Amino acid sequence: SRVLREEKLIASLFYTAVGALLPMSLFVWPVWTPVTGADIVPALITGLLSLLILGAFDLATEAAPVSAVAPLIPLVLVWETLIGVLQDGRPVFTADAAGIALIVASALAFVGRNILKNRLQRQTA
C-alpha cells in the first residue's frame with residue numbers, strides 16, 4: 001500500500017483488486033462453482049460496493065491521518081453482514097448481532113474520543 005500511495009485513485013483500486021484476487025485464486029479452486037445468471041447482479045453489487053468502500057477509505061486517508069481512518073475499517077464487516085442477511089433472507093443470528101453491536105460501539109467510541117480530543121486541543125490552543 002505504501003508503493004501505491006502516490007498513484008491515482010483508480011489505479012490504486014485496480015492494483016488492490018488484483019492484489020487480492022491473485023492470492024485468493026490459489027485457494028478458491030477446490031470450492032469454485034461456475035457463475036450463473038442469478039449470480040451476476042449480486043456479484044456486481046458486491047463489486048461496486050467494494051469499490052465504493054475502498055475509494056472512500058482512500059479519499060479519507062488523503063484528508064486525515066491513516067491512524068484516524070483505520071479504526072473505521074471494521075465497519076465493512078457490518079455492511080457485508082447486513083447485505084448477506086438482505087440478499088439471502090436469512091435471520092440475523094445472535095453472533096451476527098453481537099458482532100455488529102461490538103463493531104459499531106467501538107467505532108462510535110473511537111469517533112467520540114476523537115471529537116473530545118479535538119475540542120480539548122482547540123480549547124487549550
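Counting from 1, the numbers follow the sequence of the chain as shown. All values below come from the heavy atoms of this structure, side chains included, with hydrogens, waters and symmetry mates left out. Since the model is a prediction, treat every value here as computed from it, not as a measurement.
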Check: D39 side chain, T36 main-chain N or O, donor-acceptor pair, under 3.5 Å =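 Checking the backbone N and O of T36 against the side chain of D39, a donor-acceptor pair under 3.5 Å is found.
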Check the hydrophobic clustering (I, L, V, M, F, W, Y; side-chain heavy atoms under 4.5 Å; chains of links allowed) and say if [X] and [Y] are grouped together.
X    : Y    : value
V111 : V76  : yes
F93  : V104 : no
L82  : L75  : yes
L102 : V78  : no
L54  : L9   : yes

How long is the span from the [atom1] atom in [X] to the [atom2] atom in [Y], to the nearest 0.5 Å?
X    : Y    : atom1 : atom2 : answer
L120 : I115 : CG    : CD1   : 12.0 Å
R119 : T124 : CZ    : OG1   : 14.0 Å
I103 : L77  : CD1   : CG    : 4.5 Å
L86  : W79  : CG    : CH2   : 10.0 Å
I10  : L51  : CD1   : CG    : 7.0 Å
I45  : S50  : CD1   : OG    : 11.5 Å

Indicate yes or no: at least one non-hydrogen side-chain atom of I53 is less than 4.5 angstrom from one of F57.
->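 Yes, side chains in contact.
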I need the minimum non-hydrogen distance between [X] and [Y], along with the two atoms involved.
X    : Y   : answer
D58  : S12 : OD2-OG, 3.6 Å
P23  : G19 : CD-O, 2.9 Å
D96  : V92 : CB-CG1, 3.9 Å
F110 : A68 : CE2-O, 3.0 Å

Qualifying residue for side-chain contact (heavy atoms from CB on, under 4.5 Å) with L44, from T46, I40, V41 =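 The single option meeting the side-chain contact (heavy atoms from CB on, under 4.5 Å) with L44 is I40.
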Within 6.0 angstrom of I73 CD1, more than 12 heavy atoms from elsewhere |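 Above 12, so yes.
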